[in-house]
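Positions are given from 1 along the sequence. Just so you know, ligand 1 is whichever comes first in the structure, and atom 1 is the first atom listed for that ligand.
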Amino acid sequence: MIFSHATFRGTGGVGDGAARGIGRAVAARLGAEGAAVALVDRDEAAVAAAAEEIGGLALTCDVTDRSTVDAAVAAVVARYGRLDVLVNNVGVSLGTPFEAIDAAAWQEQAGPTLHGAVGCVQAALPHLLAAPAGGSVVTIGSVNGLAAFGDIVYSAAKAGLQSLTQNLAVLYSRRELARRGSDSKGIRFNLVAPGTVRTAAWGERPASLDRLARQYPAGRVGEPEDIAAAVAFLASDDASWITGIVLPVDGGAMTGPLSFDDLVNDR
Ligand SMILES: NC(=O)c1ccc[n+]([C@@H]2O[C@H](COP(=O)([O-])OP(=O)(O)OC[C@H]3O[C@@H](n4cnc5c(N)ncnc54)[C@H](O)[C@@H]3O)[C@@H](O)[C@H]2O)c1
């Protein structure tokens, strides 16, 4: 979660998995745009260090433990008085081979990735509904949820986030809420689907990143800041007429891996 609030173009919000990588870059970007930000992560020391460096409220929570999520949301509202933006960023990928997928594999990966986002939205819901300019939820999906890139449990969970985003975009739209007698401005739900991004998740595999870079029409892999820019736009009031979308931020990966030349010349 990255929940931030305040002068962020009239909104504010919170984000999880914010101690490093994409979540941290999102928190930094929202903060730079004037949001009051809460960085939330299960790694207490790392999230404290990140908040110290980029500013914002550091909170510890595990998105698979709803009571800690509720406590994080309460702490944000106690500090900032409101919560307008939620960024669901946690994703767990273990690359379990298809034949080895069992209930534990789903729990370990789809638990935080898919159900974790559900719990964060549920916890933040009353505050998002009360946001003066309307609430905004941006969830980090993956190109793995859009096409076959392997890693089936993770990918299926990411694909599930697309359906979640679309359904919630309608369920909590201003129109549907008005039908239920509420005068809330509603909540926008959007999903950003990154391609390969240079983060610690790639660990000791810089060579893989160099190789992957050659597959991208943009000629490079993504940086966390590339994703943060898209999240900041979708979270902001500039995107007030955008809801229920999936935005690949992927250096062109979804256009296909090969150039026309490669296909014609069998390279
Ligand atoms: N890096 C990529 O190439 C890439 C590509 C596509 C999508 N994504 C997605 O972007 C998101 C962020 O990825 P990243 O590469 O920045 O990851 P990362 O591993 O660098 O950071 C993830 C953070 O989430 C925290 N975290 C993990 N489980 C948690 C839990 N249960 N509760 C609270 N915090 C938890 C970790 O402590 C860590 O700080 C993920 O959803 C990932 O699936 C990443």
Could you name the option among [options] that has the heavy atom nearest to [atom]?
atom: atom 18 (P) of ligand 1; options: R20, K158, E44, R42; answer: R20
atom: atom 7 (C) of ligand 1; options: A117, G141, G111, G21; answer: G141
atom: atom 5 (C) of ligand 1; options: A201, S142, G195; answer: G195

Can you sort out which atoms of ligand 1 are near [X], meaning under 4.0 Å from one of its heavy atoms?
X: G91; value: 40 (C), 41 (O), 43 (O)
X: D62; value: 30 (C), 31 (N), 32 (N)
X: V63; value: 30 (C), 31 (N), 32 (N), 33 (C)
X: I140; value: 9 (C), 10 (O), 11 (C)
X: T196; value: 3 (O)
X: A19; value: 39 (O)

Using a 3.5 Å distance criterion without hydrogens, assess whether the side chain of K158 forms a donor-acceptor pair with backbone atoms of T113.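 Not confirmed, K158 side chain does not pair with T113 backbone.
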Are any side-chain N or O atoms of R188 and backbone N or O atoms of A239, one a donor and one an acceptor, separated by less than 3.5 Å?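 Yes; at least one donor-acceptor contact below 3.5 Å.
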Ligand 1 to [X] polar contact by distance, N or O atoms, under 3.5 Å:
X: I22; answer: yes
X: P112; answer: no
X: D43; answer: no
X: P194; answer: no
X: G23; answer: no

Does atom CD of E223 have more than 12 heavy-atom neighbours, drawn from other residues, nucleotides or ligands, at distances under 6.0 Å?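 Result for CD/E223: enclosed.
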Would you say E176 has more than 12 foreign heavy atoms packed within less than 6.0 Å of its CD?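 Yes - once you tally the heavy atoms of other residues, nucleotides and ligands closer than 6.0 Å, there are more than 12.
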Does D43 pair with R20 as a salt bridge, N-O distance under 4.0 Å?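 A salt bridge is present here (some side-chain N lies under 4.0 Å from a carboxylate O).
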Check this for me, if you would: do D226 and R220 make a salt bridge, where the nitrogen-to-carboxylate-oxygen distance has to be below 4.0 angstrom?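 Looking at D226 and R220, the cut-off is met.
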If we only count heavy atoms from C-beta on, is the I101 to I152 side-chain gap below 4.5 Å?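 In short, these two side chains touch, coming nearer than 4.5 Å.
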At under 4.0 Å between heavy atoms, is it the side chain or the backbone of [X] that contacts ligand 1, or both, or neither?
X: T199; result: side chain
X: C61; result: backbone
X: N89; result: both

Test applied, side chain to side chain contact (heavy atoms under 4.5 Å, CB included); reference residue, V137; option that passes from L86, L168, T243: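 Testing each of L86, L168, T243 against V137, the sole residue satisfying side chain to side chain contact (heavy atoms under 4.5 Å, CB included) is L86.
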Partners of T196 by side chain to side chain donor-acceptor pair (under 3.5 Å), sequence neighbours excluded?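 Residues passing side chain to side chain donor-acceptor pair (under 3.5 Å) with T196: Y216.
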For E108, all residues meeting side chain to side chain donor-acceptor pair (under 3.5 Å), sequence neighbours excluded: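 For E108 there are no side chain to side chain donor-acceptor pair (under 3.5 Å) partners, ignoring immediate neighbours.
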Any atom of ligand 1 sitting under 4.0 Å from a heavy atom of G222?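 G222 does not count as a contact of ligand 1 under the 4.0 Å cut-off.
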Does either side chain, that of T96 or that of Q109, offer a donor lying less than 3.5 Å from an acceptor on the other one?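 The criterion, which ignores hydrogens and geometry beyond distance, is satisfied for Q109 and T96.
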